[in-house]
Amino acid sequence: MEFNKDKKIVFSGVQPSGMLTIGNYLGAIKNWKTLEENYNCIYCVVNEHAITVRQDPAELRKRTYETLAIFIASGLDPEKNLFFVQSHVPAHAELAWVLNCYTMFGELSRMTQFKDKSAKHSDNINAGLFTYPVLMAADILLYNASLVPVGMDQKQHIEITRDIAKRFNEAYSETFTIPEPYFMESGTKICSLTDPTKKMSKSDENENSRISLMDSRDDIIRKFKRAVTDSGTEVKFEEGKDGINNLMNIYSCLTGKTIKEIEKEFEGKGYGEFKLAVGEACADSLSGLQAEFNRLMADKSYLENVMKNGSDYANYLANKMMSKVYRKLGFLQIK
Ligand code: AQP
């Protein structure tokens with residue numbers, strides 16, 4: 001693999017912290033296909049981020065294969081996109097340390113993900129959870145990425161990445177490209193089915209809150225049927241109706257229909273009929289991905305080969321950046 005120098009670089013990561021949900025898929029991965037031809041795209045399985053909350057080692061190993069398999073099963077071509085596992089490229093941790101020294105305690109204290117996750121894991125508020133955005137800044141800045149396609153939940157982390165990069169550039173001359181977040185038109189925030197004021201998360205304790213990409217058809221339909229909605233009956237997108245709005249958004253992402261078209265389609269029909277339609281559309285659109293995922297998971301040596309090739313090129317790119325950063329900082333480099 002070799003990047004085309006005329007194309008901009010895109011970087012995004014996914015934590016192998018559980019089986020991916022339709023939040024990860026509709027908010028991020030599904031949209032990446034549209035970038036494949038026009039950008040040099042880098043997609044990383046960010047296992048170093050995942051250990052900010054406790055992971056079972058065997059599960060983490062399995063999830064690492066699975067996350068890569070989801071990328072490929074979603075239709076992304078390993079010949080056209082650079083895939084690798086974060087811990088296979090030591091420069092991510094190295095640059096994160098450097099950037100820690102250019103990030104302010106106050107800035108990190110304002111991150112809502114830190115506040116949410118420390119409330120959720122009050123028995124393990126570790127320093128890694130606090131400095132998570134710095135590692136994410138390192139992931140992005142190492143490769144001079146211009147665009148970072150993410151869901152809306154990551155907006156604040158891209159803003160802090162920009163601030164860190166500008167601070168470093170001002171101190172040492174132009175070093176890093178200042179990245180922009182790249183929000184796709186739809187799916188930027190898929191909410192929990194049991195509490196539609198919260199985002200859907202793969203590590204939510206409540207299984208019914210999320211649709212995992214490997215859920216069976218029956219489970220998908222059952223979870224949508226039970227999804228929390230208000231006491232109304234009209235399928236109409238309205239302020240304050242978070243539950244029904246979320247389902248309409250999901251249905252729109254799955255079918256490509258606009259909210260207006262959906263309102264029209266379900267005029268005079270109740271929530272029950274609509275929920276069933278969302279469940280069926282979801283099960284239908286995941287069935288191909290599920291079959292391809294199962295095929296890939298039965299071929300670990302292929303997945304390892306993709307990881308190996310990806311990390312070779314990523315190490316080459318990352319080490320070039322590290323050498324530039326160390327030179328600017330005044331770190332002696334011996335050959
Ligand atoms: N609910 C969501 N709606 C839209 N986009 C989402 N993303 C995650 N959840 C939603 C996007 O998916 C990409 C990968 O996310 P991640 O795995 O790196 O981390 P996350 O945002 O913390 O995702 P989860 O599912 O909530 O994981 P856990 O439960 O482990 O914390 C990102 O682009 C993200 O924006």
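When a ligand or atom number is given, it counts from 1 through the structure's own listing order.
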State the atoms of ligand 1, each with its element, that fall below the 4.0 Å cut-off from a heavy-atom position in [X].
| X | answer |
| --- | --- |
| V150 | 33 (O), 35 (O) |
| G27 | 4 (C), 5 (N) |
| K199 | 1 (N), 8 (C), 9 (N), 20 (P), 21 (O), 22 (O), 23 (O), 24 (P), 26 (O) |
| Q154 | 21 (O), 35 (O) |

N/O of [X] under 3.5 Å from N/O of ligand 1, yes or no?
| X | result |
| --- | --- |
| P149 | no |
| D204 | no |
| M200 | yes |
| N24 | yes |
| G151 | yes |
| S12 | no |
| A28 | no |

Can you name the closest pair of heavy atoms from [X] and [Y] and give their distance?
| X | Y | result |
| --- | --- | --- |
| T194 | V228 | O-CG2, 3.2 Å |
| T175 | V325 | CG2-CG2, 4.2 Å |
| E174 | K328 | O-NZ, 2.8 Å |
| M1 | P78 | CE-O, 3.8 Å |

Backbone, side chain, both or neither: what part of [X] comes under 4.0 angstrom of ligand 1, heavy atoms only?
| X | result |
| --- | --- |
| K117 | side chain |
| K202 | both |
| S17 | side chain |
| D153 | side chain |

- prompt: Can you tell which of L95, I160, N100, T161 makes a side-chain contact (heavy atoms from CB on, under 4.5 Å) with V134?
  reply: N100

- request: Linking directly or through intermediates, with side-chain heavy atoms under 4.5 Å: list the remaining ILVMFWY members grouped with I221, chain and number order.
  value: L276

field: Hydrophobic cluster partners of L60 (side-chain heavy atoms under 4.5 Å)
entry: I51

task: Check if G13 has a non-hydrogen atom at a distance under 4.0 Å from any atom of ligand 1.
output: yes

message: Within the structure, is a non-hydrogen atom of T21 found at a distance of less than 4.0 Å from ligand 1?
response: no

- prompt: With the threshold set at 4.0 Å, does a side-chain nitrogen-carboxylate oxygen contact exist between K300 and E304?
  reply: no

field: Residues K198 and D204 bridged, charged N to O under 4.0 Å
entry: yes

- prompt: Mind checking whether W32 and Y43 have parallel, tilted or perpendicular rings, split at 30° and 60°?
  reply: parallel

- prompt: Just wondering, do V45 and F84 contact through their side chains at under 4.5 Å, heavy atoms?
  reply: no

